[in-house]
Structures are given as structure tokens and as C-alpha cells.
Student: 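Take a look at the following structure, please.
In the text below, chain A, chain B and the rest are named by the order of the sequence lines, each starting its count at 1.
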Amino acid sequence: MSVRVRYAPSPTGLQHIGGVRTALFNYFFARSSGGTFILRIEDTDRERYDPRALQDIFDTFDWLGIQWDEGPRVGGPYGPYFQSERTALYREHAEKLVQAGQGYYCFCTPERLEKLREEQTKQKEPIGYDRRCRSLTQEEAERRKRGGEPYVVRLKIPLEGTTTFHDRLIGTVVHANKDINPDPVLLKSDGFPTYHLANVVDDHHMRITHILRAQEWIPSCPLHVLIYQAFGWEPPEYCHLPMVMGSDGHKLSKRHGSTSLIEFRNAGYVPEAIINYISLLGWSYDDSRQLFTKEDLEKLFTLDKLNKAPAVFDYKKLEWFNGVYIRERDKGKLKKELIPFLQRDGILSNPITEEEDRKLTACIPLIQERLKFLTDASQWVRFLFKDLPPYPAEALIPKKGSKEEARKSLEALLTTIDQWFEKDPQKSEEFLRTLSESLQIKLGNLLMPLRVAVTGSSVSPPLMESIQILGREETMKRIQRALQLLSE
RNA sequence: GUCUCCUUCGUCUAGUGGUUAGGACACAGGGUUUUCAUCCCUGCAACACGGGUUCGACUCCCGUAGGAGAUGCCA
């Protein structure tokens, strides 16, 4: 039987690291085993539904380059792939359970349940439904239902015995039925199913063979198995993935920093880095390999190399991956990616001018290996496109140098500009070394004032190459201004 | 409270009875370099604890401790 797996997000919030990790593992498992990857939208919570969250799902996976074989936009033989369009199916199944005596109507109001919970908390009793409506006679229940009283459908959890499921990673897990959530709601009073019902019904009808999801679902797994059993269906194979934690050991969330993919994208992360790093959260290939492209993982991913223990999300390591992928990027592609960020920071016009485009192309090789994030580009290239912001005269003086030395350096450089400008780098450097010797100023100290004069900072891309891009006129102007600053 | 899961360097991990416990990130030091970065070298640092089983346990079993997750008409 060929593998069929799904990622089933709920459009109630932005796609985050944890969800995307689950999606990726499902996707890679499908690809590496020649199976099918399905996207199903679990939009059964009408209260929390957010259309922007739906769009975010599409945007996120488009950005990552992950495509599903069945689901929204592409369709498939087991659609529709929005649960909100399948409510008749769930209602029908819930009804079937009631008729079979596996479920029952419950008329308890949210207020009563609220009070019950309060009471249980106060008495330090286990919290859960007290199964009041379970003992209603069928006639009574039917009568109240027909009378228009709001109701939910609950599952009859066996009072005794145990429920067992097998997990590919964890092994066999046994729960005592008395410990399972007492008679969970399957169908809400608004006619929509809860996660438990919709999930099981769809996974069965969509012929899902493996369920890869986070370990936070383990506690509700026996409940799902019970639903399968109530319908007389065979449950799929389970594989509960280790959770992703923040640095404090708690489930990764907002307060740990950026968690939604859109944030990473806006912060200048590159999709290759995200995919590579996330894939190593709870999975590994061997004892040393770190670098994996999406294509690699589509071939190499295997459930056997999953880890059981939760993994702490390390922003530093992600950062490293980001640098790696920026460095090995095609220059043309990098340039295209950089433009929106540079426009956002007001460095390039929108649309970009020919002159800007020429300069940008020239400076990509200068900054590529210096970027950890796409957003870093602005600080490196601003001086090439914009006037220098004011800087103090002291900035022109090297740490182990004097004002006089700085002045001398700049004057010498200004008068000899034609001898080091527009020459090949080697000759230029040769000249500057000679100049530094004749002035008795160390090369570093000779060039630092120039660097600051031209770039406005003591940290910059390679100087001579930058100056080539800046142009002779502008360079001279900046040196003159620096000299003026020193004489004030 | 109850239930379930988990436990190797600070972090991600390799390891399936006999290893100087390996790699990566981070950190520290050094080299290359006109700054920064890249690159290279070196260092740092771990089997939670206690019992078994065994000639021999990081590896198997049982406890303890610690951590996490779940206990909704959210998923």
C-alpha cells in the first residue's frame, strides 16, 4: 500500500516553526517513500477562523517551495479539502455513532460545564464531563432534540478496560479507559465537528496511511483509536514527532522570539536555511552531515532516524545556516532577493533605476560573504547610494594613530588619487604599500581614515572595490570633506 | 491533582554491550586579511541519579529525580 500522509493546519493563526516542521516531515516522508502528500484545511472552528491565516498557509508553503499533491488549489480524488465543506459527512457519522449506541446527545449548557469545572477545580477532583447525559433514555433525548434544544454529540468512552495504540517512534502506548477524557464532544452545537471527529473521519475517507504529528497529540490518541473502533475502521500508523521547545524548555511560542514563518521571511531569512535547520530538529542523517537541500531531504528522509526527545530551537544555528546559504547563492538570484529589502530601507528607488541596478550588481560580490541576513545588506551598501550621514572627526583617527597622521594620510591619498584609483587591485595595493612606507604610516592606519571618509564607518566592504563603484569624483569630495572636518 | 511521553557537551545530535564517547552551532584562543566577514587550525565541554542483568554497560531491565505535554462545544 502506498504512503498517504497529510498536513492538516487550522487557519486560526500564522504558520509557525512547529507546524511547518510537521508539514515538512510529512512532505519528506511522502516524497522519499513515493507516496502522496495531502494538505487539508481544518477550518471547523468558526470563532477563531481567520482568512488571513488561510492565505498565510499558501504563502508560507509557496515561499518554501513545498507543493502538495492533493488539497486546495490542486484538488484530488478525496476532496473537498476544506473541512467546512464536509460538514454533512461529519454529521452523518456522528448520527451513525448515536444510532449504534456508541455516542449520545448531550444537552448540558456551556454554563453548566463551566460551573462543573470550577467545582472540580475547587474540590481538587479530576476535571472532566460528569457524563450526566449519558444516562438519558433514547426517547428522552430524541424528544428534547426535536423540541429544538441545543445539543452536542459525545462519544461513549468505555468505563473499563484499556485502549492501546502503536506508535512508530514510541512503541506501544497503553491508556486505561478511565483516564481518557470522559466522553469528549464530537459534534458541536453549531453543527460543526470537533477536531477529533473530523480528523478521524477525514483520515479514513482520505485513505491516510500514516499520521505524523507532534507529541502533544499523544494524550488524545487513544480517543481517536476509540473512534476508529466505534466505526469499525482500522487506524493508520502513528508517529508522534518530538516537540519543538524554546530556550526555556517550554513549547516554542511567541515569547521566545520570532516563530511564524512570515516573521523569519521579513527578517531576511532564506527558505533553504529554514528547511535545512528545521529538518534537523528531531531528525538526523548520520554522525556528521549538516547540509541538506530540500531535494536531498526528498530522497534521504526516513522515519528511522527520528529522535524521541524534544528539541530546543536554536536561533544561532539557524543564523549560521542562513549565512551558509546566502554565501553559496547565485549572485543574480541574491540581487533579486535583496532589492525589496533595500527598497524597504529607502536605499533603492522603486522601481529601481538603471544606475542603481548597475551599482548593485557591482557590489553584490563585495557583500555576499558578509551577510547573515538579507536585511544586513542595507548597512553594507548604504554609502554607495546615499549621502554620508554626519560623523565625528574623531572617527577618522585610527585607534593607534593621531589626528595629524590621519590628516597627512588623507592629503597624500587625495593628491595621489590617480595613482591608486582605477588600477587593477594588485597595482593599487602595491602603490599604497609604497606610499605607506614613504609616509611612515602603517598601511592599516593610512587606509582607515580613507575608509571612514568614504564609507562613513570603520567597518565596510573592501575599500578599493567600493571606491571603484562610488566613482572618482564622489570619492574626492568625501576625502575633501573629511579633511575639512579634521581642520575644524 | 491525574494520565502520558522524554532524559548524551550550553544547544542540535551520532552512538544499539567492549569507542581516547564522534560531528555541527555557540563560546575561547590562534593564523590569513587595509576594516569587517569568509576561510583554516586549536581548545572547551556530555552519557541525570540509584539499583540490577552481564566477564563487561551510554547502550538491556527496574526504580528515583527532573523536564515536557495533555486534561475545552481550540486545534
Student: Would you say the side chain of A/Ser189 and the base of B/rC73 hold a donor-acceptor pair, judged only by whether the two atoms sit under 3.5 Å apart?
Tutor: yes
Student: Across all strands shown, which nucleotide pairs with B/rC3 by Watson-Crick or G-U wobble geometry, both distances under 3.5 Å?
Tutor: B/rG69
Student: Which nucleotide, if any, forms a Watson-Crick or G-U wobble pair with B/rA28, using both distances under 3.5 Å?
Tutor: B/rU42
Student: Ignoring the backbone of A/Asp287, work out which of B/rG69, B/rA14, B/rU4 is nearest its side chain.
Tutor: B/rA14
Student: When only distance counts, do a donor and an acceptor, one from the side chain of A/Arg451 and one from the base of B/rU34, lie under 3.5 Å apart?
Tutor: yes
Student: At under 4.0 Å between heavy atoms, what does A/Ser458 touch on the DNA or RNA strands: base, sugar-phosphate, or nothing?
Tutor: base
Student: On RNA chain B, check which nucleotide each of A/Ala8 and A/Ser288 is closest to and give me the residue with the more 5' one.
Tutor: A/Ser288
Student: Quick one: do A/Arg6 and A/Asp202 make a salt bridge, cutoff under 4.0 Å?
Tutor: no
Student: Does a side-chain N-to-carboxylate-O contact under 4.0 Å join A/Arg117 and A/Glu119?
Tutor: no
Student: Would the A/Trp283 and A/Phe25 ring centres measure less than 6.0 Å apart?
Tutor: no
Student: Watson-Crick or G-U wobble partner for B/rU64, using a 3.5 Å limit on both distances?
Tutor: B/rA48
Student: Do NZ/NE/NH1/NH2 and the carboxylate oxygens of A/Asp304 and A/Arg168 come within less than 4.0 Å?
Tutor: yes
Student: Answer yes or no: does a side-chain N or O of A/Lys442 lie under 4.0 Å from OP1 or OP2 of B/rU35?
Tutor: no
Student: Which value, in whole Å, describes the distance between the C1' atoms of nucleotides B/rA14 and B/rG67?
Tutor: 23 Å
Student: Please classify the nucleic acid contact of A/Arg289 as base, sugar-phosphate, or nothing, using heavy-atom distances under 4.0 Å.
Tutor: nothing
Student: For a quick check of understanding: with a heavy-atom distance under 4.0 Å over all strands, which category does A/Ile180 fall into, base, sugar-phosphate or nothing?
Tutor: nothing
Student: Applying a 4.0 Å non-hydrogen cut-off, can you work out what A/Pro462 is touching in the nucleic acid: base, sugar-phosphate, or nothing?
Tutor: base
Student: Is the terminal nitrogen or CZ of A/Arg382 (NZ for Lys, CZ for Arg) located under 6.0 angstrom from the six-membered ring centre of A/Phe385 and within 45° of that ring's axis?
Tutor: no
Student: Is B/rU59 paired to anything, Watson-Crick or G-U wobble with both distances less than 3.5 Å, and if yes, which nucleotide?
Tutor: none
Student: Can you check whether any acceptor in the base of B/rA24 is under 3.5 Å from a donor in the side chain of A/Lys317, or vice versa?
Tutor: yes
Student: Report yes if a side-chain nitrogen or oxygen of A/Arg370 is closer than 4.0 Å to either non-bridging phosphate oxygen (OP1 or OP2) of B/rU38; otherwise report no.
Tutor: no
Student: Given atom CG of A/Leu223 and atom P of B/rA70, what is their separation to the nearest angstrom?
Tutor: 15 Å
Student: Among the nucleotides B/rC25, B/rG69, B/rU13, which one has an atom lying closest to any side-chain atom of A/Asn307?
Tutor: B/rU13
Student: Would you mind classifying the nucleic acid contact of A/Thr44 as base, sugar-phosphate or nothing, using non-hydrogen atoms under 4.0 angstrom?
Tutor: sugar-phosphate
Student: Starting from the 5' end of RNA chain B, give me the residue, A/Leu463 or A/Gln83, whose nearest nucleotide shows up first.
Tutor: A/Leu463
Student: Would you indicate what A/Pro310 reaches in the nucleic acid, counting non-hydrogen atoms under 4.0 angstrom: base, sugar-phosphate, or nothing?
Tutor: sugar-phosphate
Student: Counting Watson-Crick and G-U wobble pairs only, both distances under 3.5 Å, name the nucleotide matched with B/rA14, or none.
Tutor: none
Student: What does A/Glu216 touch in the nucleic acid at a heavy-atom separation under 4.0 angstrom: a base, only the sugar-phosphate, or nothing?
Tutor: sugar-phosphate
Student: For B/rU35, give the paired nucleotide (Watson-Crick: N1-N3 plus N6-O4 or O6-N4; G-U: N1-O2 and O6-N3; both under 3.5 Å), or none.
Tutor: none
Student: Can A/Arg407 and A/Glu411 be counted as an ion pair, charged N to O under 4.0 angstrom?
Tutor: yes
Student: Looking across every strand, which nucleic acid part, if any, lies under 4.0 Å from A/Gly323 by heavy atom: base, sugar-phosphate, or nothing?
Tutor: nothing
Student: Rounding to the closest angstrom, what is the interatomic distance between B/rG69 and B/rC12 at atom P?
Tutor: 15 Å
Student: Any salt bridge linking A/Arg132 with A/Asp183? Criterion: basic side-chain nitrogen under 4.0 Å from a carboxylate oxygen.
Tutor: no
Student: Any base atoms under 4.0 Å from A/Lys251, or only sugar-phosphate, or nothing? Heavy atoms, all strands.
Tutor: sugar-phosphate
Student: Given B/rC73, B/rC5, B/rC25, identify the nucleotide with an atom nearest to the side chain of A/Leu113.
Tutor: B/rC73
Student: Remember a base hit wins even if backbone is also touched, and classify A/His250 as base, sugar-phosphate or nothing at under 4.0 Å, heavy atoms.
Tutor: sugar-phosphate
